[in-house]
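Everything below concerns the one structure shown next.
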Amino acid sequence: MAEKEFSEKECRKLSSEQLSNEFKTLVTSHDLHSLNHLQHTILGRLQDSNAVLSHFNDFSEHCYAEISGDIARNTRVLKSMKSDLDYIFQKLRSMKSKILATYPDAFPEDSVDRRPDLEMPK
């Protein structure tokens with residue numbers, strides 16, 4: 001049995017050596033050196049790109065931290081202005097409808113706003 005195991009091991013070794021020799025003939029050492037050089041070049045470019053992106057992310061984070069308070073404040077102001085304008089236009093529509101009910105000829109026919117109110121919930 002030891003001879004059989006030895007011969008199987010020897011057979012595997014010989015076949016793997018033969019296979020590796022066949023692979024060696026497929027690619028020349030110059031091609032391997034060229035591939036290695038290209039891989040190192042690509043690695044360097046990727047590392048440079050990564051450094052630039054990391055710097056940009058840090059810069060963006062810093063800028064956002066500086067202006068986030070202004071953005072939040074301006075958002076609150078805009079929401080307040082929208083609420084005020086909604087209230088004003090609601091009052092104007094109400095006043096106009098009362099005037100039209102009292103004085104039907106007060107406004108020319110083409111000045112009546114017939115657009116649906118998209119802002120008010122139904």
Side-chain angles (χ1 to χ4, degrees):
M1 181 143 190
E3 289 180 17
K4 186 176 182 182
E5 286 180 16
F6 180 72
S7 66
E8 282 184 29
K9 287 182 182 180
E10 194 175 286
C11 186
R12 278 191 225 144
K13 183 179 177 186
L14 288 174
S15 62
S16 64
E17 285 176 2
Q18 185 178 7
L19 184 64
S20 65
N21 285 334
E22 289 293 324
F23 276 122
K24 286 180 185 178
T25 61
L26 291 176
V27 181
T28 64
S29 64
H30 176 69
D31 290 342
L32 289 176
H33 177 70
S34 176
L35 284 173
N36 192 12
H37 178 70
L38 286 173
Q39 286 178 339
H40 282 291
T41 302
I42 291 170
L43 176 64
R45 288 180 183 170
L46 290 174
Q47 287 173 337
D48 290 346
S49 297
N50 192 30
V52 168
L53 289 174
S54 294
H55 177 70
F56 178 75
N57 284 339
D58 294 341
F59 174 74
S60 296
E61 183 180 2
H62 175 73
C63 289
Y64 179 75
E66 286 182 1
I67 65 169
S68 64
D70 292 339
I71 291 172
R73 186 178 66 250
N74 291 339
T75 302
R76 285 192 301 275
V77 168
L78 287 172
K79 285 182 180 179
S80 173
M81 289 171 63
K82 182 188 180 312
S83 174
D84 293 346
L85 286 172
D86 286 343
Y87 178 76
I88 289 168
F89 283 111
Q90 179 185 1
K91 287 295 182 182
L92 285 173
R93 282 190 295 274
S94 173
M95 289 169 51
K96 193 170 183 179
S97 67
K98 286 179 184 177
I99 291 172
L100 279 174
T102 308
Y103 307 102
D105 297 332
F107 298 104
E109 188 65 32
D110 59 345
S111 72
V112 177
D113 186 13
R114 300 197 191 287
R115 293 176 292 178
D117 188 6
L118 300 176
E119 296 296 323
M120 302 299 287
K122 296 190 179 197

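With sequence neighbours left out, Glu22 forms a side chain to side chain contact (heavy atoms under 4.5 Å, CB included) with Thr25. Contacts of Leu32 classified as side chain to side chain contact (heavy atoms under 4.5 Å, CB included), with partners at least two apart in sequence or in another chain: Val27. Residues forming a side chain to side chain contact (heavy atoms under 4.5 Å, CB included) with Phe23 (at least two apart in sequence, or on another chain): Leu19, Leu26. Not counting sequence neighbours, the partners of Asp70 by the side-chain hydrogen bond (donor to acceptor under 3.5 Å, both in side chains) test are Arg73. A search for side-chain hydrogen bond (donor to acceptor under 3.5 Å, both in side chains) contacts involving Glu61 returns nothing, not counting sequence neighbours. For Arg12, the salt bridge (charged side-chain N to carboxylate O under 4.0 Å, His left out) partners two or more places apart in sequence, or in a different chain, are Glu8. By the side-chain hydrogen bond (donor to acceptor under 3.5 Å, both in side chains) test, His30 pairs with no residue at all, sequence neighbours left out. Partners of Thr75 according to the side chain to side chain contact (heavy atoms under 4.5 Å, CB included) rule, which considers only residues two or more places apart in sequence or in another chain, are Ile71, Lys79.
Applying the under-4.5 Å side-chain rule to Ile, Leu, Val, Met, Phe, Trp and Tyr, the cluster around Leu85 extends to Ile88, Phe89, Leu92.
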Indicate every side-chain donor-acceptor pair of residues 33-44 with a distance under 3.5 Å to a residue at least two apart or in another chain.
{"residue": "Asn36", "atom": "OD1", "partner": "His40", "partner atom": "NE2", "Å": "3.1"}
{"residue": "Thr41", "atom": "OG1", "partner": "His37", "partner atom": "O", "Å": "2.9"}

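Under a cut-off of 6.0 angstrom, the local environment of CD in Gln18 is sparse, with at most 12 non-hydrogen atoms contributed by other residues, nucleotides or ligands.
Under the salt bridge (charged side-chain N to carboxylate O under 4.0 Å, His left out) criterion, no residue pair touches residues 30-51, with sequence neighbours excluded.
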